[in-house]
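Single-structure report; data block below.
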Amino acid sequence: MSRRISGFSKLSKAEKLSWLDAYYGESPDYHGAVMKKFWIQDADVQKVLDGFSENTVSNFMIPYGLAPNFLIDGQVYCIPMVIEESSVVAAASSAAKYWMDRGGFKTTILGMVKVGQIHFKWSGPKDFIFNIFEKIKAKLLEGVQDMVRNMEKRGGGITKIELIDFTDLEPELYQIRVHFDTKDSMGANFINSVLENFAASLEYFFVHHVDIPDNYRDIDIIMSILSNNTPECTVRAEVSCKVSELGTFENGMLAEQLAEKFRMAVRIAEIDPFRATTHNKGIYNGIDAVILATGNDFRAVEAAGHAFAARDGQYRSLSKCEIKEGIFRFWLDVPLAIGTVGGLTALHPLAKKSLEILGNPSAEDLMRIVASMGLAQNFAALKSLVTTGIQKGHMKMHMMNILNHLEANEDEVQEALQYFEDKTVSFSAVRDFVDSLKRN
Ligand code: MEV
């Protein structure tokens, strides 16, 4: 069989699966049998899902859970989470409950600026282009009047246009950087459409405008695209209480000891990029789960977060902790360029449902919710790490997965849970134990 196929996208789903079996020399329906288990019976829903991507042959299921008891700015939320890692939803729920009794999460929107860029090359004198830039700007804006009208009606639009000189790093290279307020939409399509229109107007200006001398008319547009670096589209979530109100912890740890160890755990993530990466990964366990559940773009959110974490040149913790005058304070500043209208938010039936469960929030409110989830997740992870370690809780959940995989019956599950209460869980240890039960 030829390894090259043309017209693959034109094949039906069943034909694609038959091709896959043949391609790998398998018997008919070898791959398809598993893939088909995950086809959705409701043809309309399946059609919607297929429409999101290309060459689809199945759906990849990830658990959808709920984390209740999130008190955020005085309002209680039950937060949908889509995640495949055990312990994450349980950790979020327990952190939420813990902080609910201590005033909950408080949030502040620090900015809502989204950014787009047009990169171009031009060989004329630097002063000239900066001097004429106000005229260029006016022409760019003139060209997108119709496009931005709706966004302006919603209170958003283009808020700043600046020319940036990169010629000291790369000869003839400039950038037009545009700031946008896209209100409740993530705004990627809007931003990219405006930028491409700007790029065409920019070219037209240089070719036709009377103020441009003939020897400077050549302009080379390299590309126009939004930036996922959104350091000014950020939100702060924080929790605080008296140290004495933190309670007592596993292994008899006192509130003061917990507070200090916790502060030190955050400090380590501030100064050591190896720890910071894991620390922030824990934050994104929570953030990504809500981002996915609400149909937002988790790659964009992660890219922005990691760039933000490295904004001073070193990769650092996104969260901070201080203990001052007997008050424990823990907070997270995080960029979140997300939307509650447009994109998948209304198209994916579960994304729509998630937003409904959250009370159909504005983009700002969703930022507050997501950041609080990130902070809750970080709190739960650090609290475990500085007290019992994470493996105990983690392995319990992991063990259930292993037992399910081994198809242990209810009695075997109970016996295994009891046996491993004080022992290290590993796949082979659990398998050997279950095998010994089955033999007896
Ligand atoms: C595991 O998915 C996340 C943690 O490693 C985060 C952390 O170490 O802070 C527990």
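Here, residue 1 is the first one in the sequence, and each next residue gets the next number. Ligands are counted one by one from 1 in listed order, and the atoms in each one are counted from 1 as well.
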Logged contact type for N285 with ligand 1, heavy-atom cut-off 4.0 Å, is side chain
How does L385 reach ligand 1, if at all, at less than 4.0 Å between non-hydrogen atoms: by side chain, backbone, both, or neither?
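Side chain only.
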What are the atoms of ligand 1, with element, lying closer than 4.0 Å to any heavy atom of E85?
1 (C), 2 (O)
Going by the order shown, which atoms of ligand 1 are within less than 4.0 Å of some heavy atom of K281?
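Those qualifying, in numeric order: 1 (C), 2 (O).
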Do any nitrogen or oxygen atoms of H279 come within less than 3.5 Å of a nitrogen or oxygen of ligand 1?
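Checking ligand 1 against H279, no N or O pair falls under 3.5 Å apart.
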F420 vs F433 aromatic rings, parallel, tilted or perpendicular, using cut-offs 30° and 60°?
perpendicular
For atom 5 (O) of ligand 1, the option (of T277, T278, V266) bearing the nearest heavy atom
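Nearest option to atom 5 (O) of ligand 1, by heavy atoms: T278.
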[X]-[Y] side chain donor-acceptor pair, cut-off 3.5 Å:
X: K114; Y: T182; result: yes
X: Q46; Y: D50; result: yes
X: S319; Y: H279; result: yes

Side chain of Q377, backbone of V88: donor and acceptor closer than 3.5 Å?
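Yes.
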Report yes or no: does a heavy atom of Q377 sit under 4.0 Å from some atom of ligand 1?
no
Cation over ring, K383 on F262, under 6.0 Å and within 45°?
no
